[in-house]
Amino acid sequence: MEIIRRNTDYALRAMIFLANEGRSVPARDIAELCGMPYQITAKLLQKLHKTGLVSSKMGPKGGFELSRGPEEIKVTEIVEVIQGPITVNKCTAGSEGCVRSGSCGLCRKLRELQRDVDGFLDGVSLLDFTIERAERAAK
C-alpha cells in the first residue's frame, strides 16, 4: 500500500523543482528535468493551477511558478489536491468511518496515528525540500 501515490509524487517533485527555480518554467521543461511524462506533468500542473498552488504565464518567458513562497506551501495541500486526504483507516475517515469507533481500542489508536500523520505533513513545507534549506543546514 502506498501512502503517496505516483501522481502525488510527480506533483511534489514538480513543486519542489519550482521552489528551487524561483521563476516561471514551461511544463515541458519541468517534465524533462524531473524525469516525468509530459502529459501527466501538464495535467498535474493544471490541477495545481486551478487550486491556486501555482500560477501560469503565457509567452516566450512563460510557464508555471509557485503562487506563494515555498515556506507557505505545506505538503498536505499538495497531497490533498492530487489524491485527497490521507486516511490511515476507515476509522479515521470522519462521519463515514467505522460504526464501532466510539468503543473500539483499535479505532482510538488509529486516530492517534492519523493525528501524527496529519501533524507531520502539516509541519513540512516545500522549503524543507529546497536547495536553499539544504545549504542553510550545511552551514
Side-chain angles (χ1 to χ4, degrees):
M1 173 183 85
E2 295 176 343
I3 292 175
I4 302 293
R5 296 184 189 132
R6 182 184 54 126
N7 280 354
T8 306
D9 177 82
Y10 287 161
L12 287 165
R13 290 175 188 280
M15 294 290 284
I16 293 165
F17 178 81
L18 291 173
N20 281 319
E21 288 297 306
R23 62 178 177 86
S24 287
V25 182
R28 193 166 297 283
D29 292 354
I30 295 169
E32 183 180 323
L33 294 168
C34 292
M36 304 180 308
Y38 169 70
Q39 293 295 336
I40 293 173
T41 303
K43 286 179 184 177
L44 293 171
L45 288 166
Q46 288 301 319
K47 201 170 196 180
L48 294 165
H49 179 265
K50 187 176 181 181
T51 58
L53 288 174
V54 298
S55 58
S56 64
K57 294 181 184 177
M58 300 296 283
K61 297 211 187 247
F64 292 88
E65 62 186 41
L66 298 181
S67 60
R68 302 185 309 235
E71 70 283 355
E72 298 174 31
I73 300 174
K74 304 296 181 192
V75 169
T76 301
E77 293 179 81
I78 302 164
V79 170
E80 289 183 357
V81 163
I82 303 302
Q83 72 180 45
I86 291 175
T87 55
V88 173
N89 188 299
K90 193 174 184 176
C91 299
T92 63
S95 62
E96 297 156 14
C98 181
V99 296
R100 292 180 292 278
S101 66
S103 61
C104 176
L106 177 61
C107 289
R108 281 193 298 277
K109 284 309 219 183
L110 290 175
R111 280 196 301 276
E112 287 178 33
L113 177 59
Q114 185 71 53
R115 280 192 298 274
D116 290 347
V117 169
D118 292 344
F120 176 80
L121 293 175
D122 286 341
V124 179
S125 72
L126 284 180
L127 183 63
D128 294 314
F129 297 100
T130 62
I131 294 167
E132 173 187 329
R133 177 69 163 223
E135 288 172 350
R136 277 193 280 154
K139 290 181 182 180

Determine the minimum heavy-atom distance between Ala31 and Tyr38, stating which atoms define it.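 In terms of heavy atoms, the two residues are closest at CB-CA, 3.7 Å.
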Nearest heavy-atom neighbours spanning Ala11 and Leu48: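 Residues Ala11 and Leu48, closest heavy atoms: CB-CD1, 4.3 Å.
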Measure the spacing between [atom1] of [X] and [atom2] of [Y] and express it to the nearest 0.5 Å.
| X | Y | atom1 | atom2 | answer |
| --- | --- | --- | --- | --- |
| Ile73 | Leu53 | CD1 | CG | 5.5 Å |
| Lys47 | Leu44 | NZ | CG | 7.5 Å |
| Thr41 | Met36 | OG1 | CE | 3.5 Å |
| Glu32 | Arg28 | CD | CZ | 9.0 Å |
| Ile4 | Ile78 | CD1 | CD1 | 10.0 Å |

Using the side-chain contact (heavy atoms from CB on, under 4.5 Å) rule, take Val124 and Phe129 through it: C-alpha gap first, then chi angles, then the decisive distance, then the call. CA-CA 9 Å; Val124 179; Phe129 297 100; 3.4 Å; yes
Check against side-chain contact (heavy atoms from CB on, under 4.5 Å), Ile82 and Tyr10: CA-CA 10 Å; Ile82 303 302; Tyr10 287 161; over 6 Å; no
For a side-chain contact (heavy atoms from CB on, under 4.5 Å) check, start with the C-alpha distance between Gln83 and Asn7, then their side-chain angles and the critical distance, and finish with the verdict. CA-CA 8 Å; Gln83 72 180 45; Asn7 280 354; over 6 Å; no
Walk me through it: do Arg6 and Ile40 pass the test side-chain contact (heavy atoms from CB on, under 4.5 Å)? CA-CA 10 Å; Arg6 182 184 54 126; Ile40 293 173; 3.5 Å; yes
Linked, directly or transitively: Phe64 and Leu33 (ILVMFWY side chains, under 4.5 Å):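 Yes, because Phe64 and Leu33 connect within a single hydrophobic cluster, where side-chain heavy atoms sit under 4.5 Å apart.
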Partners meeting side chain to side chain contact (heavy atoms under 4.5 Å, CB included) with Pro60 (sequence neighbours left out):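 In terms of side chain to side chain contact (heavy atoms under 4.5 Å, CB included), with neighbours along the sequence ignored, Pro60 is linked to no residue.
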[X] side-chain N/O to [Y] backbone N/O, donor-acceptor pair under 3.5 Å:
| X | Y | value |
| --- | --- | --- |
| Gln114 | Val88 | yes |
| Thr76 | Leu121 | yes |
| Ser67 | Gly52 | yes |
| Asp128 | Ser125 | yes |

Please, which pairs that meet salt bridge (Lys or Arg N to Asp or Glu O under 4.0 Å) have at least one residue in residues 72-89, sequence neighbours excluded?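 Of all non-adjacent pairs touching residues 72-89, those that pass salt bridge (Lys or Arg N to Asp or Glu O under 4.0 Å) are Arg68-Glu77.
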